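A short write-up of the structure that comes next.
Basis for what follows: all heavy atoms, side chains included, without hydrogens, waters or symmetry-related copies. Reminder, nothing fancy here: chain letters follow the sequence lines and each chain counts from 1. Because the structure is a prediction, the values reported are computed rather than measured.
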Amino acid sequence: MNTVKLARYLIGKTVVREIPGGRAVGRIVETEAYLSGDAASHFFRGPTPRNKSIYLAHGHAYVYFCYGAHFMLNVSAERAGAGGGILIRAFEPIEGIAWMQANRGNVRLRDLARGPGRLAAAFGISKLHDGVDLCGKEGEVWLGSTVRPRDKIGTSVRIGITKDAHRLLRFYEKGSPFVSGPKSLRK
DNA sequence: AGTGCGATTGACT
DNA sequence: GTCAATCGCACTA
């Protein structure tokens, strides 16, 4: 599977999670692609215990812990054994909003999942979800269908990286208030 | 065994 | 706008 194509495809799709008495659903509005040979990626130097999930067949979760405080949710994107992944950076809360807000200390709706660390916190994502299949419904978390057609997709440099920083591998739904980053990167 | 550093966030000026 | 917190992991030796 082509990682960039999948990164764009995921905009407008949903992430679903089982919660007590129902579901939490978010509509993805921002992603970043991390490619093979990409110095900014976690797998630039090959497989390690931490990044092994990025080498699973496309559609598996790669969850990692960063800055001593935050989990990040990624989707593996290539065939088994090949590196490639997509960071889910932001979603628009659709369902289970009260449950997500309880996880986040009742911040305003707009800030609930605007940023990868916030998104994972709202969704209750942790290392337990590393490696799970996001395409089947056997697990607790999976990728769902579109709830509303997406608007135009914007492209920009990726946020918060220092290597290979010029590459245009960030994708977002134009105009969405749920996209992270400065205003200039949301138009 | 020690060290440096993040695919960030939230608090503060 | 600036800036510190925080810790698991990969790299060096």
Side-chain angles (χ1 to χ4, degrees), chain A residues 3-11 15 26 28-56 58-78 82-93 100-132 134 141 143 153-173 177-186:
Chain A
T3 302
V4 172
K5 276 219 171 83
L6 185 56
R8 301 181 69 104
Y9 173 82
L10 286 176
I11 305 284
V15 205
I28 298 168
V29 295
E30 182 182 357
T31 62
E32 279 178 3
Y34 289 86
L35 311 178
S36 163
D38 177 356
S41 79
H42 287 167
F43 51 94
F44 183 58
R45 295 163 199 271
T48 68
R50 175 175 66 156
N51 69 22
K52 60 178 162 34
S53 299
I54 212 78
Y55 291 94
L56 297 173
H58 68 87
H60 286 75
Y62 163 48
V63 178
Y64 75 94
F65 187 64
C66 192
Y67 289 108
H70 311 289
F71 289 103
M72 313 264 166
L73 175 63
N74 300 256
V75 183
S76 68
E78 301 290 334
I86 293 148
L87 172 67
I88 309 297
R89 285 193 60 90
F91 68 48
E92 172 183 341
M100 291 194 271
Q101 274 176 327
N103 290 335
R104 288 267 301 129
N106 296 306
V107 295
R108 15 195 269 268
L109 184 65
R110 215 192 130 209
D111 294 331
L112 192 50
R114 192 162 59 86
R118 292 163 167 177
L119 182 151
F123 228 53
I125 295 291
S126 74
K127 207 70 185 165
L128 293 174
H129 301 99
D130 187 41
V132 306
L134 295 171
V141 179
L143 293 166
I153 293 180
T155 305
S156 85
V157 295
R158 293 171 292 183
I159 294 177
I161 58 165
T162 54
K163 300 162 200 156
D164 268 342
H166 64 285
R167 304 181 74 175
L168 299 175
L169 292 172
R170 173 173 170 268
F171 308 97
Y172 57 95
E173 182 175 49
F178 300 99
V179 171
S180 75
K183 221 179 218 172
S184 59
L185 295 182
R186 292 195 265 123

Classify the angle between the aromatic ring planes of A:Phe71 and A:Phe65 as parallel (below 30°), tilted (30 to 60°) or perpendicular (above 60°).
-> tilted

Is there a side-chain polar atom (N or O) of A:Arg50 under 4.0 Å from OP1 or OP2 of C:dA10?
-> yes

A:Tyr172 ring centre to A:Arg170 NZ or CZ under 6.0 Å, with the angle to the axis within 45°?
-> yes

Will you find, in the side chains of A:Thr3 and A:Glu78, an N or O donor that is under 3.5 Å from an N or O acceptor?
-> yes

Between atom CD1 in A:Ile161 and atom C1' in B:dG6, what is the gap in whole Å?
-> 12 Å

Across the strands shown, which category fits A:Arg158 at heavy-atom distances under 4.0 angstrom: base, sugar-phosphate, nothing?
-> nothing

Could you check whether A:Phe65 and the base of C:dG8 form a stacked pair, meaning centres closer than 5.5 Å and planes differing by less than 30°?
-> no

Relative to the 5' end of DNA chain B, which residue comes earlier, A:Arg114 or A:Thr162, by the nucleotide with the nearest heavy atom?
-> A:Thr162

Checking N1-N3 plus N6-O4 or O6-N4 for Watson-Crick, or N1-O2 and O6-N3 for wobble, each under 3.5 Å, the partner of C:dG1 is B:dC12

OP1 or OP2 of B:dT9 under 4.0 Å from side-chain N/O of A:His70 = no

Which is true for A:Arg170 with a 4.0 Å heavy-atom rule: it touches a base, it touches only sugar-phosphate, or it touches nothing?
-> nothing

Checking all strands, does A:Ala69 fall into the base, sugar-phosphate, or nothing category for heavy-atom contacts under 4.0 angstrom?
-> nothing

Given that both distances must come in under 3.5 Å, which nucleotide forms a Watson-Crick or G-U wobble pair with C:dT12?
-> B:dA1

What does A:Leu87 touch in the nucleic acid at a heavy-atom separation under 4.0 angstrom: a base, only the sugar-phosphate, or nothing?
-> base

Tell me which of A:Arg45 and A:Gly68 sits closer to the 5' end of DNA chain C, going by the nucleotide each one is nearest to.
-> A:Gly68

Does a side-chain N-to-carboxylate-O contact under 4.0 Å join A:Arg158 and A:Asp38?
-> yes

Ranking B:dT8, C:dA10, B:dA7 by distance to the side chain of A:Thr48, first place goes to C:dA10

For A:Phe71 and C:dC7, what is the distance between atoms CZ and P respectively, to the nearest whole Å?
-> 12 Å

